Undergrad: 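Could you have a look at this structure, given as structure tokens, before my questions?
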Number of protein chains: 2
Amino acid sequence: MAQSESRRRPHLMWTMEEIAREVGVSTKTVSRVVNGEAGVRDTTRMRVNRFIEEVGYHPHIGARSMRSQPRDCIGVTIPAPISDVPVHLGFFLRIFSHLYRIFGSRGRFICFDLNPFHSSSSMDYSRGLFEGRYAGCVLCGPLSPTDTTIFRIHESGLPYLALGRLDGLPECSSATVDYEVAMQISVNCLVERGHKRIGVLKGFHGYQPGLERRRGFLKAMQLAGLAEDEHLLQNVTFGAQNLISATHRLLIDSSVTALIDASGAEDAASVREGCRRAGRVPGKDVDIVGWTYSDNAVILSEACAHIWLPVWEAAADGLEQLALWFDGEREGPIHVVYPPTLNRIAGEQELPPPRRLFDVLE
Amino acid sequence: MAQSESRRRPHLMWTMEEIAREVGVSTKTVSRVVNGEAGVRDTTRMRVNRFIEEVGYHPHIGARSMRSQPRDCIGVTIPAPISDVPVHLGFFLRIFSHLYRIFGSRGRFICFDLNPFHSSSSMDYSRGLFEGRYAGCVLCGPLSPTDTTIFRIHESGLPYLALGRLDGLPECSSATVDYEVAMQISVNCLVERGHKRIGVLKGFHGYQPGLERRRGFLKAMQLAGLAEDEHLLQNVTFGAQNLISATHRLLIDSSVTALIDASGAEDAASVREGCRRAGRVPGKDVDIVGWTYSDNAVILSEACAHIWLPVWEAAADGLEQLALWFDGEREGPIHVVYPPTLNRIAGEQELPPPRRLFDVLE
DNA sequence: CTGTTAGCGCTTTCAG
DNA sequence: CTGAAAGCGCTAACAG
């Protein structure tokens, strides 16, 4: 036990070898103590632990990660540029809250890669995973049909959850809502009310949720024996101006008597303004079905019905299962698809327009 | 150029050595290309880059971190258990937003260590830094006078910012508000209005902001030639019940004619209820000075004045400077101390009670 | 411009 | 129960 107390210098970053030398054991013994492995006498263990506590030793995570996969860090990354798909503040807070409860409160690190598109031109949002930075990850946003990164993530076998699915990879680990069905329900609702030409404000163009909206619309119109006019589908982005003019474009055609607001923007004011500019009165001239992420919520008080997309609820379910996969208590991939619900509730009390994560606070 | 295309197996995790072998160069050349260093012919660089892109190679962050300090990850940790100091949702969102703008949008990782107290009993919130996980960190909350971890962080020379200071380490890199002055201003305001015995709802007991409140109170009372009765200081936690009963305890003493709400809870309802239980009418029986984190805000409409603590503004300033330190464009430590402001604005429009990060959403 | 060698701090393997 | 040695994938230092 050659404890050379005299040569103990004030270190900031200790190594196992130094610890071992000071305590008078081998590095392997220190390693065993640090990792709580068996095969160390209690007195030795205590001696090592005391010294580690005293000098404030922390194992170097990089060195460790060269021999074993990291287990204590979950990554969160965004597969779409934030400028394309602004993050709903309420959604983000829920996700963050779940991540805290499931991972953070148990002492795990939660690592955000919020702009993987910064330096590389390619869709390299998987970098944190393949760099060995985290043990699994959450893809927090819709996937693009041209996405290839997701395939590599899937093949890696590491735990992951996409908050959105992909036609090209049906086995993708995902938690989402069936937007195709949402659109079919919306169309049917309006067809039942006697409408023949139904306009659609179609959000998420270029992403899977946009594809599903389109497919659901065409399928439902066909089943109803109505014209599947592509012009009835207007792509919209999240900007108010864009939403206004798209609404206007649809309603300027007087044969269009109904509107499905599948923009995902929950922006009643813009839809109203678009109606006004087209000389229409919502609820009288135009029958509207609005889409929302909140149950029993009214987005547009003049709407005849609202479709509730339980996206957040699906995400919560998926994250719960991801935690199990993470802990080795189940296998991947995860498949959560929640059905949308048609709510015919009415009321003056409209949901306030959503705030966006990085939009509102500066 | 021994490109053994034939032996190229579908890998998920490539190493530099494999890349080098496949392309027919040395590992050092691959390293140079990956890190954008000079000393590689353009054609070679392109050949390597093409291959890297093709196979989706990512350098192993652990291996890299053994030779050089990480530069692309900022850590956020909480030096106080979240149960002691619930996180103000508005504050969190501002911090997150700043972190995104300053670090995230530039392609850096933001790594949260939200419950470092999970497994270890010691205040080990510095673990991420000493494990080599991040290049610098933000300590997001008040510091305890018994804290020793902060000394090690300070000595490490790594960039860090504490959102709160510490008497025991005046040179600590920090961005905060002068609570001592806030208390002195509060007391003076009430003394000018003729009060001799002033009760204080004192938040953050056991943390530096609590100490500063106490010190400021005793100092101001002494300067005013009034009794420095310790009983006039009531420690409060963030629970409504606690706030109510503390208010009650103070005001049951009829000699106490004024109250400083330095709880930090921004909870008008509880203060009112405490007054009511003591048979007092705020603004008539009791003169009140309220503390708030929002400028020109009214917390309690019956209050004669409000003290604005620009904590969030100081944090924003500090984070801006941390980014410079991070990028080597300045040296540490950072010293931001914002003065509080007395606002005599009145109005019925009270600020809604704050939401807490992990309280509200589940 | 390019390559070789050593070694970062751990964990794994194998030997006592 | 304990230790010695090899090696993970990368970069720094030094040769060419």
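These numbers come from a predicted model, not from an experiment. Residue numbers begin at 1 in each chain, while the letters A, B, ... track the order of the sequences.
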Undergrad: When we call it a touch if two heavy atoms are under 4.0 Å apart, what does Ser65(A) touch: a base, just sugar-phosphate, or nothing?
TA: nothing
Undergrad: Polar pairs (N or O, both sides) under 3.5 Å between protein and nucleotides 5-8 of chain D?
TA:
from   : atom 1 : to       : atom 2 : distance (Å)
dG7(D) : N2     : Arg67(A) : NH1    : 3.0
dG7(D) : N3     : Arg67(A) : NH1    : 2.9

Undergrad: Test your reading of the model: is there a side-chain donor-acceptor pair from Thr15(B) to the backbone of Glu18(B), 3.5 Å cut-off?
TA: yes
Undergrad: Taking all non-hydrogen atoms of both residues, which atom of Ser105(B) and which atom of Arg101(B) are closest, and how far apart?
TA: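 Smallest interatomic distance, heavy atoms only, reads OG-O, 2.8 Å.
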Undergrad: Rounded to whole angstrom units, what separation is found between the CZ atom of Arg21(A) and the P atom of dG3(D)?
TA: 15 Å
Undergrad: Rounding to an integer number of Å, can you tell me how far Glu37(B) CD sits from dA13(D) P?
TA: 11 Å
Undergrad: Is the side chain of Asp84(A) donor-acceptor paired with the backbone N or O of Ala80(A) at a distance under 3.5 Å, no angle test?
TA: no
Undergrad: Nearest whole Å is fine: how far is dT2(D) P from Met16(A) CE?
TA: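 The answer, rounded to whole Å, is 15 Å.
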Undergrad: Below 4.0 angstrom, N of the basic side chain to O of the carboxylate: do Glu22(B) and Arg47(B) qualify?
TA: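 Arg47(B) and Glu22(B): not salt-bridged.
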Undergrad: Run the salt-bridge test on Arg106(B) and Asp327(B) with the 4.0 Å N-O cut-off and return the result as yes or no.
TA: yes
Undergrad: If you measure only the distance, is there a donor-acceptor pair under 3.5 Å linking the side chains of Asp317(B) and Gln321(B)?
TA: yes
Undergrad: Can you tell whether the side chains of Asp72(B) and Arg64(B) come within less than 4.0 Å, N to carboxylate O?
TA: no
Undergrad: Can you give the first and last nucleotides of DNA chain C, 5' to 3', that have an atom under 4.0 Å from a heavy atom of chain B?
TA: dC1(C) to dG9(C)
Undergrad: One thing to verify: whether Arg165(B) and Glu171(B) come together as a salt bridge, which I'm taking to mean a side-chain N less than 4.0 angstrom from a carboxylate O.
TA: no
Undergrad: Nearest-Å distance, CD1 (Ile61(A)) to P (dG9(D))?
TA: 17 Å
Undergrad: Ignoring backbone atoms, establish whether Tyr57(B) has a side-chain N or O less than 4.0 Å from OP1 or OP2 of dC10(D).
TA: yes
